[in-house]
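These numbers come from the heavy atoms of this one structure, side chains and all, not from hydrogens, waters or symmetry mates.
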2 protein chains.
Amino acid sequence: MASSSRSAHQEQDATSSAPPAGHGAAHAPETHALRALGSASTDASAALARRMAMNPTDLAAMSHIAYAADPLGPRELSSRLGITPAAMTDVVDRLEAAGHLLRERDTNDRRRVRLLATESANEEVRRELRELLDMLDAITDDFTPTERAAIQRYLAAATDAYRRYAENPEPNP
Amino acid sequence: MASSSRSAHQEQDATSSAPPAGHGAAHAPETHALRALGSASTDASAALARRMAMNPTDLAAMSHIAYAADPLGPRELSSRLGITPAAMTDVVDRLEAAGHLLRERDTNDRRRVRLLATESANEEVRRELRELLDMLDAITDDFTPTERAAIQRYLAAATDAYRRYAENPEPNP
DNA sequence: GTCATATGTTTAGGTAGTCGAAATACTTCG
DNA sequence: CGAAGTATTTCGACTACCTAAACATATGAC
């Protein structure tokens with residue numbers, strides 16, 4: 001990935017990229033909306049990373065750390081982010097160098113390293129994220145409780161569909 | 001990007017990564033659902049790319065081409081994907097070498113190159129994508145027309161919020 | 001206690017996708 | 001025709017990531 005300097009603000013995402021062009025597609029409006037949403041969500045993530053002058057992976061790591069109940073280690077984080085532990089070392093190196101993070105050996109199990117966000121970094125991540133999350137929260141004001149129940153049910157079902165698709169083994173031999 | 005061989009199936013996404021851990025967050029359930037959805041959607045995209053043995057960028061390019069009404073050129077595609085024209089040349093090189101794509105000089109404006117997907121590639125992309133999209137379509141069966149209207153309204157609003165956030169200039173000096 | 005095995009982290013070396021800047025090819029307009 | 005503009009590619013560099021192997025510590029068997 002080209003560090004924190006993407007020139008354009010768009011992001012590539014195959015499940016939410018192309019508009020349907022008369023090709024007999026005819027999918028549900030919700031389905032199209034979902035693809036647009038995915039694309040916008042990815043863009044927002046990239047924008048957030050840009051604002052904080054980090055690459056997306058590093059920001060995702062900070063985000064996990066900022067909201068984790070107990071201190072995480074590189075291994076746990078690497079599996080959450082879907083990268084190898086080796087790559088995680090680089091991420092932590094970068095974040096530590098930038099002053100966002102501290103490595104601390106676990107005293108009980110000295111194999112382990114605990115990653116502690118500096119207070120300023122924690123606050124910055126939470127503050128930036130909150131701006132976005134508050135915008136999303138505000139949307140719900142326009143809906144009745146009944147509607148909100150349906151929306152929540154739909155979002156859960158869509159998430160589940162994506163997950164099922166992602167976790168399925170290749171269906172074609 | 002590490003070509004088409006990501007080992008884990010998770011993807012990093014700062015807007016949809018960490019669960020809230022007692023930190024006074026208290027955002028709307030829809031907001032949390034939205035973050036989970038974003039994460040799942042990114043994962044599904046990566047899974048799709050893996051299935052088709054392409055990296056995400058290349059697949060996104062094919063997806064645009066497959067659904068475009070008129071043949072696209074490298075410049076247009078690069079701006080849609082958010083990469084530079086130089087990077088686009090590599091993408092097209094890869095796709096052409098893999099037999100998914102043909103370069104064809106435009107006869108009217110000979111500066112332009114038109115990117116034509118081979119019929120087999122077009123079919124493969126549409127087939128794989130349809131599997132996912134059909135799953136998403138099926139979800140709507142469980143909702144009444146009224147509920148669906150609310151859902152669509154919500155999805156549009158959320159997309160808009162993400163877009164506004166993504167396109168905003170840095171709010172903090 | 002010591003050895004074998006397992007787990008967490010880092011190091012070393014290599015690959016691939018992207019970038020910025022310059023070169024090339026063509027078009028359009030004065 | 002020449003100048004300026006646009007589309008694409010080439011070139012050299014950077015960096016995030018990977019695999020494999022090394023290192024450090026823990027745990028359990030004997």
Side-chain angles (χ1 to χ4, degrees), chain A residues 1-12 14 46 49-50 53-61 70-98 101-116, chain B residues 1-12 14 46 49-50 53-62 71-98 101-116:
Chain A
M1 197 161 281
S3 98
S4 52
S5 60
R6 260 253 158 82
S7 56
H9 295 190
Q10 297 216 76
E11 280 294 315
Q12 77 288 7
R50 220 178 319 115
M54 301 185 195
N55 75 46
T57 303
D58 292 5
L59 174 60
D70 302 311
L72 300 170
R75 178 149 198 87
E76 166 71 13
L77 251 185
S78 71
S79 80
R80 288 205 197 185
L81 301 183
I83 63 180
T84 61
M88 197 65 229
T89 295
D90 287 348
V91 172
V92 175
D93 284 348
R94 287 193 292 267
L95 292 173
E96 195 175 29
L101 208 55
L102 260 71
R103 278 180 168 99
E104 196 188 70
R105 279 279 164 196
D106 188 306
T107 43
N108 292 0
D109 183 343
R110 295 185 40 71
R111 291 171 303 183
R112 283 190 162 81
V113 168
R114 305 191 309 162
L115 302 173
L116 305 173
Chain B
M1 197 162 279
S3 96
S4 51
S5 60
R6 261 257 160 77
S7 56
H9 295 190
Q10 297 215 76
E11 281 295 315
Q12 77 289 12
R50 220 178 320 115
M54 302 184 193
N55 74 49
T57 303
D58 293 5
L59 174 59
M62 286 309 300
L72 301 170
R75 182 153 196 86
E76 166 71 12
L77 251 185
S78 71
S79 80
R80 289 205 198 185
L81 300 183
I83 64 180
T84 61
M88 197 66 230
T89 296
D90 287 348
V91 172
V92 175
D93 283 349
R94 287 192 294 267
L95 292 173
E96 194 174 30
L101 207 56
L102 260 70
R103 277 181 167 98
E104 194 188 71
R105 279 280 164 195
D106 188 307
T107 43
N108 292 0
D109 184 343
R110 293 185 41 71
R111 290 171 303 183
R112 284 190 161 81
V113 168
R114 306 190 308 164
L115 302 173
L116 305 172

Within the structure, does a side-chain N or O atom of [X] lie under 4.0 Å from either OP1 or OP2 of [N]?
| X | N | value |
| --- | --- | --- |
| B:Arg94 | C:dG17 | yes |
| B:Thr57 | C:dG17 | no |
| A:Asn55 | D:dT15 | no |

For [X], give me all partners under side-chain hydrogen bond (donor to acceptor under 3.5 Å, both in side chains), at least two apart in sequence or on another chain.
| X | value |
| --- | --- |
| A:Arg110 | none |
| B:Arg111 | B:Asp109 |
| A:Arg105 | none |

* Asked: Of all residues at least two apart in sequence or in a different chain, which pass the salt bridge (Lys or Arg N to Asp or Glu O under 4.0 Å) check with A:Arg114?
  -> A:Glu104
* A:Asp58 near the nucleic acid: base, sugar-phosphate alone, or nothing, with a heavy-atom cut-off under 4.0 Å? -> nothing
Nearest-Å distance, [atom1] ([X]) to [atom2] ([N])?
| X | N | atom1 | atom2 | value |
| --- | --- | --- | --- | --- |
| A:Ile83 | D:dA16 | CD1 | C1' | 9 Å |
| A:Leu72 | C:dT9 | CG | P | 10 Å |
| B:Leu59 | C:dG17 | CG | C1' | 16 Å |
| A:Asp106 | D:dT25 | CG | P | 13 Å |
| A:Arg110 | D:dT27 | CZ | P | 13 Å |

* Gap between atom CG of A:Leu77 and atom CZ of A:Arg75 - 0.5 Å precision -> 12.0 Å
* From CA spacing to verdict: side chain to side chain contact (heavy atoms under 4.5 Å, CB included), A:Ile83, A:Val91 -> CA-CA 10 Å; A:Ile83 63 180; A:Val91 172; 4.1 Å; yes
* **Pair A:Leu115-A:Glu96, side chain to side chain contact (heavy atoms under 4.5 Å, CB included): steps then yes or no** => CA-CA 9 Å; A:Leu115 302 173; A:Glu96 195 175 29; over 6 Å; no
For nucleotides 1-11 of chain D, list the nitrogen or oxygen atoms of the protein found under 3.5 Å from its nitrogen or oxygen atoms, one pair per line.
| residue | atom | partner | partner atom | Å |
| --- | --- | --- | --- | --- |
| D:dG5 | N2 | B:Arg111 | NH1 | 2.8 |
| D:dT6 | O4' | B:Arg111 | NH1 | 3.3 |
| D:dT6 | O2 | B:Arg111 | NH1 | 3.3 |
| D:dA7 | OP2 | B:Arg75 | NE | 3.2 |
| D:dT8 | OP1 | B:Val113 | N | 2.8 |
| D:dT8 | OP1 | B:Val113 | O | 3.2 |
| D:dT8 | OP2 | B:Arg75 | N | 2.8 |
| D:dT9 | OP1 | B:Arg103 | NE | 2.7 |
| D:dT9 | OP1 | B:Arg103 | NH2 | 3.3 |
| D:dT9 | OP2 | B:Thr89 | OG1 | 3.4 |

* Can you find a pair of side-chain heavy atoms, one from A:Pro85 and one from A:Pro74, that are under 4.5 Å apart? -> no
* To do: Run the numbers on B:Leu95 and B:Arg103 for side chain to side chain contact (heavy atoms under 4.5 Å, CB included), then give the verdict.
  => CA-CA 10 Å; B:Leu95 292 173; B:Arg103 277 181 167 98; over 6 Å; no
Kindly give the atom pairs (protein nitrogen or oxygen, nucleotide nitrogen or oxygen) under 3.5 Å for nucleotides 3-5 of chain C.
none

